[in-house]
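Shown next, in structure tokens, is the structure this report addresses.
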Amino acid sequence: MAPGLPHVHAAAAGSFDQRSASAEHDPVSMGEYVMSPTHQISPESLPLFATTPPSPVAIKDYKGTGTVLGSVFTLTNTILGSGTLAVPFAIASSGWFAGLVVMVTIALITRYSVSLLMRASDAAGDSAAKTYESLGHHTMGKYGTYLAEFTFIFGGFGTLTSYFIFITDLLVAIFEITPVYRGYVTVAFTFGIILPLSLSRRLGKLRVSSVLATCAVTYVVCLFLVVYIVVSSSATFVPVAVPAVNLSSGSVYTVTLLIQAFACHNTALPVYEEMQNRSVRRMNYAVVGAISLSFLLYTIIGFCGVFTFGGATMDNVLLNFTPAFLATYPAIRTPLWIGRLCMGIALLFCAPIAMWPFRSCVLSVLLRVQHGKQLPSSVASKVVYRSTTLVLVVLILGAALFVPSVKIPLSIVGSVAGSLIIFIMPSLFYMLQQTDRPLLSVANTGPLLMLTTGVCVGVLCFSMTMYKLRREFFP
């Protein structure tokens, strides 16, 4: 789930700097994505230990080889993430039935949203690289580029902040560190692991980290299923009262934490381009498969978490296992420790990958200010690249140290970046390329509804989130 950015596994789908071969279009890609027949290779796209890039002839003659099944796995890797740990809290915030309705609705909207994005990509053809930013540049000019940059920078900062908080909480729980030393833990893993890995310009091929994260999430989901079975079958078990519908000001978390639960848009574009015998229909099969699999995992961990802990469900459900709980069910202690460790390690190595598109957007802005034109992030010098990375990591570290709860960055990112990625940008990218009909036409009813809903959801959820957070943390 990505708290993705912009979902955080977007860069894990591949690592090729996409540059248009057409002289009519300046390169506009801020990220490094999968190989495309119409794009060149950047030195940054080499594997971590590679020595030579692929032959230019091989790139020119490259044909998509992706299968529907392989695309399902790639998109599922993108969807699942640390946000899975917040799903039980999101459901508990409105009641189990209301939470389920919201999750089903968002899954259906996401499926339609990705379909719009694929059709917009087909309409653009070879005039735009298959990335959000270049598609935005093709349909909306510089304003499309600015919109994509804002979304990924804003969303990337919030998502990485949530990563740092998740990692800190898990490491503190794993090693039973006194809360007073919590900040030292954050500083230690930031400068000891995340920063050194983030400084590498050949990190794009470490997609094994996203696979590890998916395996860790799957393990945690299975763990919660086992925990619920063990707890509910215990002689001392007292059923937890969980309302079906419980609407309150806290219900905003149900929407903001779930709005990006199935987001795979940024990865969907390069995956679509790589698909063999590419068509919107085949891509829809892959998207539906990935969303369905993710929905199953979310439902298991969400309902098992809610019906185990009830109203006490936390925004990181792995922290709900108190010493008293483990003393009552000691058999859970070791599997829980393994689950926390797996998630902690996975997030440690996924954070540098999540940094990739975020930093690329920032570098793109800096290079445009410096040179007066749009340039890909790969042209940044080593000094600029490393100094930018250091500054961004320090800023994220500062936010993680002072933000009291992971639901704060996740909710803010969901309300703003989520609305843009899921609702607004796919609708605009599609409608603005339909030159055969007016923008306000019956044929555009679906995209117009998406656009309107996105604006309303974004404004309303952001306002309610800020109101709720102010009352909860700054009374």
Side-chain angles (χ1 to χ4, degrees), residues 1-2 4 6-16 18 31-39 58-59 61-81 84 103-104 106-126 128-132 135 204-205 207-215 217-218 221 260-300 353 421-422 425-426 429-430 446:
M1 172 179 181
H7 214 320
V8 297
H9 296 309
S15 59
F16 288 91
Q18 302 196 14
E32 285 69 40
Y33 299 89
V34 297
M35 179 166 54
S36 166
T38 59
H39 302 138
I59 299 303
D61 296 335
Y62 182 80
K63 302 296 182 183
T65 59
T67 63
V68 172
L69 183 60
S71 299
V72 169
F73 181 75
T74 301
L75 294 173
T76 303
N77 273 343
T78 301
I79 292 172
L80 298 177
T84 307
M103 194 158 61
V104 170
I106 291 176
L108 295 174
I109 289 175
T110 302
R111 184 259 180 223
Y112 177 66
S113 175
V114 175
S115 178
L116 284 178
L117 195 62
M118 297 307 102
R119 283 187 273 171
S121 176
D122 281 346
D126 291 334
K130 299 303 183 283
T131 66
Y132 246 105
L135 193 56
K205 284 295 182 178
R207 51 184 136 170
V208 66
S209 299
S210 66
V211 177
L212 175 61
T214 301
C215 293
V217 168
T218 304
V221 170
Q260 292 191 99
F262 304 99
C264 56
H265 296 59
N266 210 13
T267 301
L269 283 167
V271 166
Y272 181 50
E273 187 179 19
E274 289 293 287
M275 181 170 283
Q276 188 178 24
N277 300 321
R278 184 179 68 193
S279 69
V280 173
R281 183 179 181 182
R282 283 172 57 80
M283 187 63 184
N284 281 338
Y285 289 149
V287 172
V288 170
I291 289 177
S292 299
L293 182 57
S294 302
F295 184 88
L296 175 63
L297 296 178
Y298 286 153
T299 302
I300 293 174
I353 292 180
I421 290 177
I422 305 296
M425 288 198 286
F429 294 168
Y430 173 76

Using side-chain heavy atoms (C-beta onward) and a distance below 4.5 Å, is L75 in contact with M283?
yes
Go through the steps for E273 and R278 under the test side chain to side chain contact (heavy atoms under 4.5 Å, CB included), then give the verdict.
CA-CA 7 Å; E273 187 179 19; R278 184 179 68 193; 3.7 Å; yes
Spatial distance of atom CD1 (I422) from atom CG (L116) [nearest 0.5 Å]:
11.5 Å
Of the non-hydrogen atoms in T84 and G81, which two are nearest, and what is the gap between them?
OG1-O, 2.8 Å
Nearest 0.5 Å, what's the CD1-CD1 distance between I291 and I106?
11.5 Å
Closest non-hydrogen contact found for L135 with A120 is CD1-O, 4.0 Å
Of all heavy-atom pairs between S294 and T76, which one has the smallest distance, and what is that distance?
OG-CG2, 4.1 Å
Residues V72 and Y285: closest non-hydrogen pair is CG2-O, 4.5 Å
Of all the heavy-atom pairs spanning N277 and R282, show the shortest one and how long it is.
O-CD, 3.0 Å
dist T110:OG1 -> F295:CZ (nearest 0.5 Å) comes out at 11.5 Å
Just how far is it from atom CG of N284 to atom OH of Y112, taken to the nearest 0.5 Å?
11.5 Å
Do the side chain of S121 and the main chain of L117 share a donor and acceptor less than 3.5 angstrom apart?
no
Would a distance-only check, ignoring hydrogens and angles, find a side-chain to backbone donor-acceptor pair under 3.5 Å from S115 to R111?
no
Close side-chain approach of V287 to F262, heavy-atom, < 4.5 Å
no
Return yes when atom CG of L296 has more than 12 non-hydrogen atoms of other residues, nucleotides or ligands closer than 6.0 Å, and no otherwise.
yes
Can you give me the closest heavy-atom contact between T214 and L80, atom names plus distance?
CG2-CD1, 3.9 Å
Check whether any side-chain heavy atom of V114 lies under 4.5 Å from a side-chain heavy atom of Y272, and answer yes or no.
no
